[in-house]
Amino acid sequence: QRQLVESGGGLVQAGDSVRLSCIASEYIFSIYDMGWFRQAPGKEREFVAAITWSGGRTYYPDSVKGRFTISRDNAKNTVYLQMNSLKPEDTAVYYCAAGRGLTDYYLEREYNYWGQGTQVTVSS
């Protein structure tokens with residue numbers, strides 16, 4: 001049984017918006033911080049966004065700050081990644097991840113659970 005399941009990817013044009021969703025098991029969602037990472041072809045996986053278990057704090061790298069927004073709906077056990085003003089360089093497989101008591105949100109090793117990923121392709 002998968003603990004995290006992403007959805008919402010697809011093919012869009014530059015400048016478009018996309019919202020990704022990640023449904024987590026109730027046990028994970030209630031006490032875990034959540035994050036999004038992405039991996040482009042031929043590149044290492046990189047941090048995109050994170051949100052604390054309470055939803056009180058969010059974290060972004062400079063590459064997406066101001067364009068991407070992470071949020072969570074605790075009633076639905078779902079975390080979202082709203083991506084606006086998409087660029088071709090945002091093309092990647094996007095992964096949802098969960099970790100408990102994170103300190104370095106941008107590090108993969110901090111996260112215990114991972115989704116299978118969803119492809120986002122941005123055409124120019």
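Fair warning: this is a prediction, and the values are worked out from it, not measured in the lab.
Under the 4.0 Å criterion applied to side-chain N and carboxylate O atoms, D90 and K87 are not assigned as salt-bridge partners.
Under the 3.5 Å distance criterion, the side-chain polar atoms of D73 are matched with a main-chain donor or acceptor of A75. The backbone N or O of A92 sits nowhere less than 3.5 Å from a side-chain atom of T121 that would complete a donor-acceptor pair. Remark: side-chain polar atoms of S85 are not paired, donor with acceptor, to backbone N or O of R67 under 3.5 angstrom. Between the Y60 side chain and the I70 main chain, a donor and an acceptor come within less than 3.5 Å of each other. Panel note: side chain Y111, backbone Y105; a donor-acceptor pair is recorded below 3.5 Å. Of the possible donor and acceptor atoms, one in the side chain of E6 sits under 3.5 Å from a partner among the backbone N and O of G117. Using a distance-only test at 3.5 Å, with no hydrogens or angles considered, no donor-acceptor pair links the side chain of Q119 to the main chain of G9. No donor-acceptor pair closer than 3.5 Å links the side chain of T118 to the backbone N or O of Y94.
Between W114 and R45, the closest side-chain pair of non-hydrogen atoms falls below 4.5 Å.
Screening T91, L20, V48 for a side chain to side chain contact (heavy atoms under 4.5 Å, CB included) with R38, the sole residue that qualifies is V48.
Taken from CE in M34 to OG in S71, the straight-line distance is 11.5 Å, to the nearest 0.5 Å. Separating the CG atom in N77 from the CG atom in L4 is a distance of 11.0 Å, to the nearest 0.5 Å. A distance of 5.0 Å separates CD in E110 from CG in D104, rounded to the nearest 0.5 Å. Put simply, OG1 on T58 and CZ on F68 are 14.0 Å apart, with the number rounded to the nearest 0.5 Å. Atom CG of residue L81 and atom SG of residue C22 lie 10.5 Å apart, to the nearest 0.5 angstrom. Here the CG atom belonging to L11 is positioned 9.5 Å from the CG atom belonging to D16, to the nearest 0.5 angstrom.
Linking ILVMFWY side-chain heavy atoms closer than 4.5 Å, directly or via other members, places V93 and V5 in two distinct hydrophobic clusters. Residue L102 is not grouped with residue I31 when hydrophobic side chains (ILVMFWY) are merged at heavy-atom distances under 4.5 angstrom, including chains of intermediate members. Hydrophobic clustering, with ILVMFWY side chains joined whenever heavy atoms are under 4.5 angstrom apart, keeps Y80 apart from W36. Cluster membership check: V122 does not share its hydrophobic cluster with Y95, using side-chain heavy-atom separations under 4.5 Å among Ile, Leu, Val, Met, Phe, Trp and Tyr. Hydrophobic clustering (side-chain heavy atoms under 4.5 Å, transitive across Ile, Leu, Val, Met, Phe, Trp, Tyr) keeps M83 apart from Y106.
In this structure, Y59 has its ring center no closer than 6.0 Å to that of F47.
No donor-acceptor contact under 3.5 angstrom links the side chains of D33 and T52, judged on distance only.
Of all the heavy atoms in S124 and A14, the pair that sits closest is CA-CB, 4.3 Å. Closest of all the heavy-atom pairs between Q82 and N84 is NE2-OD1, 2.9 Å.
The number of heavy atoms from other shown groups lying within 6.0 Å of CH2 (W53) does not exceed 12.
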